[in-house]
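Starting off with a structure, shown below.
Model, not experiment: these values are computed from the prediction. Along the sequence shown, residues carry numbers from 1.
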Amino acid sequence: GLCCPGRDPACLSAGRRPDGSTGPCYCDQACARTLDCCHDYAQACPVVPCVVSQWSAWSGCAEPCKRTYRVRVRRIVREPRNGGEACPALQERAGCLEYWTRQGTECQQSLIPALITTGGFGKARKKRGAADGSGRAGYCVEFQLAALTPGCRHTRWMRHLSEGLRVCVECQQPALRPPRQLCLGDGTGSPLNQLLHWQAVGNHRCRGTWRRIRQLDSCSCPSAHNFLFI
């Protein structure tokens, strides 16, 4: 009749042990590890693992206009008993970026991290644009890198970068956003020498800061230093 949680030396009975001998034996859930259970412990106190619910839907971003996180949760449906498997994490976070304020207005350009990918991706964009007649000319922004994380070494198209280098980032359809036909994160309107943030698409460990130098009609950087706004 005893099934005691945790380690409890007072949860004691007298009877037959698993090895066939008789004498003191224990009915606390630690007995399975210390090998001093009563012979019928497994039947009288079966292991009951934790059971949790399905994940909830993801919440919105914790804060707008900056790289932050969203949350989903689940609840405990049944607590573990008799040494059953413990409950897993009940909360999970994921990266999140919201480009609109709570009032429904667009975030200031200087606050939005630029999402970038390799400039080679733009060739396919231009081909699609020419085919459907939407080949509106974009523009290019030149930046000077201020800092980048070590994780960029593991992204092939980012491995030539280092602090102080000048890079070109092209803004093309469909990344041009109405009504001003700008790419999010291009730093339009930011003060001179303000540090702006960027993030490499496909590698969340590759990110950094740069300073906007100027806007150009077309990019003139070497192909290894040429990127694309997403």
* Atom pair CZ (Arg93) and CH2 (Trp58), whose distance is rounded to the nearest 0.5 Å -> 10.5 Å
* Asked: Are Cys152 and Cys206 within a span of less than 2.5 Å, counting SG to SG?
  -> yes
* Asked: Going through the distances and angles, do Trp198 and Val167 end up as a side chain to side chain contact (heavy atoms under 4.5 Å, CB included)?
  -> CA-CA 12 Å; Trp198 57 268; Val167 297; over 6 Å; no
* Asked: Parallel, tilted or perpendicular for Phe229 and Phe143, by the 30°/60° rule?
  -> perpendicular
* Taking the side chain from Asn203 and the backbone from Gly151, do they hold a donor-acceptor pair closer than 3.5 Å? -> yes
* To do: Any chance you could measure Gln29, atom CD, to Arg33, atom CZ, to the nearest 0.5 Å?
  => 7.0 Å
* Is the backbone N or O of Glu92 less than 3.5 Å from a side-chain atom of Arg72, with the two atoms forming a donor-acceptor pair by type? -> no
* Return the minimal non-hydrogen interatomic distance between Arg177 and Leu184, and the atom names on each side. => NH1-CD1, 3.2 Å
* **Test log, rule side chain to side chain contact (heavy atoms under 4.5 Å, CB included), inputs Cys25 and Ser13** => CA-CA 5 Å; Cys25 56; Ser13 183; 4.3 Å; yes
* Got a second to check how far His39's NE2 is from Arg17's CZ, nearest 0.5 Å? -> 12.5 Å
* Counting heavy atoms not belonging to Arg81, are there more than 12 under 6.0 Å from its CZ? -> no
* Structure fact -> Of all heavy-atom pairs linking Arg70 and Ser59, the shortest is CB-O, 3.5 Å
* Asked: Under 3.5 Å, is there a donor-acceptor pair between the side chain of Tyr139 and the main chain of Cys183?
  -> yes
* Structure fact -> Heavy atoms of Leu176 and Gln181 approach each other most closely as CD2-O, 3.1 Å
* Asked: For Gln54, does the CD atom sit with more than 12 other heavy atoms under 6.0 Å from it, leaving out its own atoms?
  -> no
* Is it true that Leu196 and Leu165 fall in one hydrophobic cluster, defined by side-chain heavy atoms closer than 4.5 Å? -> yes
* Asked: Is Leu115 close to Gln199 at the side-chain level, that is, under 4.5 Å between some pair of heavy atoms?
  -> yes
* Test disulfide bond (SG atoms under 2.5 Å apart) on Cys140 and Cys171 and set out the steps. => CA-CA 6 Å; Cys140 182; Cys171 179; over 6 Å; no
* **Atom pair OG1/CE of Thr149 and Met158 - distance to nearest 0.5 Å** => 8.0 Å
* Asked: Closest approach of Trp210 and Val169, non-hydrogen atoms and distance?
  -> CH2-CG2, 3.6 Å
* N/O donor-acceptor pair under 3.5 Å between Glu142 side chain and Cys168 backbone -> no
* Please round to the nearest 0.5 Å and tell me the distance separating atom OH of Tyr26 and atom CG of Leu2. => 12.5 Å
* Asked: Taking only residues two or more places apart in sequence or in another chain, which ones pass disulfide (SG to SG under 2.5 Å) with Cys11?
  -> Cys4
* Asked: Taking only residues two or more places apart in sequence or in another chain, which ones pass side chain to side chain donor-acceptor pair (under 3.5 Å) with Arg75?
  -> none
* Backbone of Pro49 reached by a side-chain donor or acceptor of Arg78 within 3.5 Å -> yes
* Find out if the SG atoms belonging to Cys27 and Cys37 lie under 2.5 Å from one another. => no
* In terms of heavy-atom contacts, does CZ of Arg7 have more than 12 from other residues, nucleotides or ligands at under 6.0 Å? -> no
* Measure across Glu85 and Pro80 and return the closest heavy-atom pair with its distance rounded to 0.1 Å. => O-CB, 3.4 Å
* Does CG in Asp19 sit with more than 12 non-hydrogen atoms of other residues, nucleotides or ligands closer than 6.0 Å? -> yes
* **Heavy-atom donor-acceptor pair, Arg212 side chain to Asp186 backbone, under 3.5 Å** => yes
* To do: Evaluate the pair Cys3, Cys45 and indicate whether the two SG atoms are within a distance below 2.5 Å.
  => yes
* Structure fact -> Correct closest heavy-atom pair for Leu90 and Trp55 would be O-CZ3, 3.8 Å
* Inter-residue atom distance Leu12.CG - Cys38.SG, 0.5 Å rounding -> 7.5 Å
